[in-house]
Amino acid sequence: MFHLLEKRISQAIASRIQSLYGIETAVQIEQPKQSSFGELAVPAAFQLARQLKKAPKAIASEIDAAGGPIEGVASMEIAGNGYLNVRLDRGAYGVGVLTGVGAVSKETATKIIVEHTNINPNKAAHIGHLRNAILGDTFVRMLRATGENVEVQNYIDNTGVQVADVVVGFQHLKKKSIEDVRALIADRSTPFDYVCWDVYARTSQYYDEHKDALEWRHATLHGIEAGHGVEAELAHLVADAIVDAHIATMWRLNIAYDVLPRESEILHLQFWATAFEQLKERKAIYLETEGKNKGCWVMPGSAFREGSVEGDDDSKVIVRSNGTVTYVGKDIAYQLWKFGLLGKDFYYRKWHTYPNGHEVWASTDEPQTGTPEFGKGTRVYNVIDTRQSYLQDVVVAGLRALDYNTQADNSIHFNYEMVALSPRTCIEMGIELSEEDKRLPYVQVAGRKGIGVKADDLLDKLIEKALDEVTSRHKEEPEETRRKAATQIAIGALRYFMLKFTRNSVIAFDFAEALSFEGETGPYVQYSAVRARNILRKVSERGETLPDFGAVLTRQVMERQLIQEDCWQLLLAASKAGSAIERAVASGEPAHVARYAFQLAQSFSNFYHEYPVLSETDVEKKTFLLWMTEYFGAQLEKTLGVLGIEVPEYM
């Protein structure tokens with residue numbers, strides 16, 4: 001409702017400016033510094049002052065006098081040196097909120113693609129991967145909440161170095177056959193992604209001690225990219241099994257995907273070969289004939305790094321001298337496909353059906369019939385950490401080199417900083433720390449060295465801690481429902497912790513801070529939603545029924561109840577969810593939605609303490625307060641839903 005009025009007022013003021021001065025402008029809307037100044041402030045006069053050579057106050061006066069009334073606006077007044085302060089019609093606003101005016105009904109033929117998670121399928125997911133997946137999933141939910149058509153992709157690098165190293169470990173270090181690996185996958189006593197975690201760490205350590213063993217990696221990569229032989233079959237087994245494990249891990253966090261484009265098909269279906277020819281034809285890359293990159297196809301640094309000049313130190317290798325293509329080369333081909341620019345498409349097969357019935361599909365090189373269509377986006381967000389900014393710049397440079405400038409402009413690197421662990425959380429998870437490390441603000445994980453916290457272990461520990469808290473409060477409840485509530489609290493705690501910091505913040509995850517029922521945490525917001533539900537449930541337990549709010553709360557009733565400033569401010573706060581989400585989408589900051597959820601929970605806490613809803617004796621007032629409780633609860637649950645957080649039955 002609030003964001004609808006913001007847009008209506010902005011458009012009305014823009015129309016007045018066009019009529020008065022013949023100027024087309026986007027009118028910005030601000031929040032006044034004090035609530036006594038009104039609900040909205042329009043600074044348009046200041047933006048026009050230099051162009052019109054007039055004082056802002058005079059311009060504001062002319063804008064105010066022009067045009068007729070704006071629906072939903074009670075009055076406008078000139079304030080300060082030229083602000084237009086807007087006061088809303090409280091009665092009309094209350095009825096609009098009650099009847100659902102302003103609900104999203106956007107229809108668009110365009111598609112936004114969000115690619116996230118992208119864990120190398122060589123070992124178990126760890127805590128560092130969770131920030132990527134949670135940020136990406138929440139951004140998808142934000143976009144969908146504004147009515148956008150979004151496709152969620154999880155790119156599977158199943159032919160890369162990391163998978164090759166696990167294959168090397170099984171073949172050369174552990175001497176495992178294909179059948180041995182199949183047996184490890186089937187053995188449920190130790191999750192296969194955990195087995196591969198140890199194999200990958202051991203292989204990495206072996207390389208450090210035996211440099212000549214890197215030849216195993218090179219030979220294995222060739223076999224995998226060729227798509228046949230023992231190496232390719234082992235890579236297929238390893239990657240597919242670990243993708244299944246990753247999907248299961250992420251589903252625990254309420255994260256799902258639409259399609260899994262796999263690197264193997266980018267090679268086998270000649271995606272890369274097609275992109276390679278285009279890049280060579282446009283001279284976007286060249287064959288280096290001397291220096292350290294001799295024999296490699298490289299992109300000059302001048303294409304993607306301002307101030308660079310052509311040369312070994314500035315160029316980026318796209319195809320190695322041994323003929324294997326680098327990750328960034330395959331990613332250029334993948335980005336072209338995302339926009340429907342490659343002239344090629346994958347075949348698809350159903351990979352997995354989630355418990356809620358949603359299906360995720362994966363690319364294949366075998367022809368299929370009756371499959372969905374994927375790709376062909378108009379805007380693409382790649383959720384990849386800040387350390388990959390350089391490679392993302394190279395991908396965009398590849399698009400520009402092919403004259404796809406519009407698509408390059410719409411290729412957005414949704415970057416974020418790393419996530420670490422607090423020292424006390426490391427200790428709780430069994431990671432040994434030196435006395436010096438214990439004094440650090442955070443401890444970095446290092447998956448290559450096998451140092452870190454597996455995502456499933458972290459989730460299990462969180463659930464265990466949450467279950468202890470729930471059991472201490474609800475011993476009488478069945479174990480099954482206590483565990484369900486604990487799981488929802490744990491997931492809410494983790495997701496909220498990962499989201500409440502801006503993307504450019506390095507964060508240190510801490511159990512105690514995340515699970516706290518007080519302060520800016522997921523459990524605090526969940527508790528507010530549970531409290532709202534409990535108030536409404538008690539009405540039923542008393543044998544009463546909720547009034548027909550639409551019939552009772554007329555405009556006149558709304559005007560009487562909302563004349564109280566605190567009630568009015570509380571309703572405004574609760575009705576700004578849409579506005580908060582739209583602003584968060586525009587800024588690319590899910591943290592803004594998390595902050596709004598916390599502020600809304602605080603507002604409800606104030607409301608709860610100020611108004612004893614169930615003991616109110618005035619019938620009209622009680623009806624209004626019950627409606628406010630129901631609305632607060634709905635808005636809290638809606639906002640938590642955008643954050644991917646469920647509301648437990650009890651806490």
Restricting to non-hydrogen atoms, name the atom on [X] and the atom on [Y] that form the minimum distance, rounded to 0.1 Å.
| X | Y | answer |
| --- | --- | --- |
| Arg483 | Leu467 | NH2-CD2, 3.2 Å |
| Leu600 | Ala573 | CD1-O, 3.9 Å |
| Arg503 | Ser587 | NH2-O, 4.3 Å |
| Gln335 | Ser411 | NE2-OG, 3.1 Å |
| Ala577 | Tyr596 | N-OH, 3.1 Å |
| Ile463 | Ala486 | O-CB, 4.0 Å |

Carboxylate-amine/guanidinium proximity below 4.0 Å for [X] and [Y]:
| X | Y | answer |
| --- | --- | --- |
| Lys7 | Glu582 | yes |
| Glu513 | Arg424 | no |
| Arg131 | Glu417 | no |
| Lys454 | Asp193 | no |
| Lys461 | Asp457 | no |
| Arg533 | Glu637 | yes |
| Glu469 | Lys465 | no |

Test Phe46 against Tyr83 for ring-ring contact (aromatic ring centres under 6.0 Å, His included), laying out the working first.
CA-CA 8 Å; Phe46 297 101; Tyr83 273 99; 5.0 Å; yes
[X] (side chain) donor-acceptor with [Y] (main chain) under 3.5 angstrom:
| X | Y | value |
| --- | --- | --- |
| Thr117 | Ala133 | no |
| Asn382 | Glu115 | no |
| Arg252 | Ala455 | no |
| Thr386 | Tyr416 | yes |
| Thr471 | Asp468 | no |
| Lys123 | Asp198 | no |
| Thr425 | Leu421 | no |
| Asn356 | His358 | yes |
| Thr146 | Leu143 | yes |
| Ser516 | Glu518 | yes |

Taking it one step at a time, do Asp157 and Arg262 satisfy salt bridge (charged side-chain N to carboxylate O under 4.0 Å, His left out)?
CA-CA 6 Å; Asp157 182 2; Arg262 302 193 306 169; over 6 Å; no
Is there a side-chain contact between [X] and [Y] (heavy atoms, below 4.5 Å)?
| X | Y | answer |
| --- | --- | --- |
| Asp331 | Gln392 | yes |
| Pro423 | Asp437 | no |
| Ile384 | His413 | yes |
| Leu40 | Glu6 | yes |
| Asn415 | Gln388 | no |
| Lys438 | Ile427 | yes |
| Val525 | Leu636 | yes |

Please find out if less than 6.0 Å separates the ring center of His116 from that of Phe139.
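Here the rings of Phe139 and His116 have centres that are no less than 6.0 Å from each other.
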Aromatic contact between Tyr257 and Trp361, with the criterion being ring centroids under 6.0 Å apart: yes or no?
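Tyr257 vs Trp361: aromatic centres not under 6.0 Å.
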Parallel under 30°, tilted from 30 to 60°, perpendicular over 60°: which one fits the rings of [X] and [Y]?
| X | Y | value |
| --- | --- | --- |
| Tyr334 | Tyr155 | parallel |
| Phe607 | Phe632 | tilted |
| His126 | Trp197 | perpendicular |

Which pairs of donor and acceptor atoms, one on a side chain in residues 638-651, lie under 3.5 Å apart (sequence neighbours left out)?
unit_1: Thr639; atom_1: OG1; unit_2: Gln635; atom_2: O; d: 2.8
unit_1: Glu646; atom_1: OE1; unit_2: Gln488; atom_2: NE2; d: 3.1
unit_1: Tyr650; atom_1: OH; unit_2: Thr481; atom_2: OG1; d: 2.8
unit_1: Tyr650; atom_1: OH; unit_2: Arg482; atom_2: N; d: 3.3

Quick one: CG on Leu494 to CZ on Phe511, what's the gap to the nearest 0.5 Å?
9.0 Å
Would Lys576 and Gln31 count as a side-chain hydrogen bond (donor to acceptor under 3.5 Å, both in side chains) here? Give the steps.
CA-CA 12 Å; Lys576 290 182 179 179; Gln31 298 296 303; 3.1 Å; yes
Who are the side-chain contact (heavy atoms from CB on, under 4.5 Å) partners of Ala532, not counting sequence neighbours?
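Partners of Ala532 by the side-chain contact (heavy atoms from CB on, under 4.5 Å) criterion, ordered by chain and then number, come out as Phe604, Thr629.
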For Tyr524, which of Phe497, Phe598, Tyr496, Phe517 qualifies under ring pair (Phe, Tyr, Trp, His ring centres under 6.0 Å)?
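It is Phe598; the other options fail the test.
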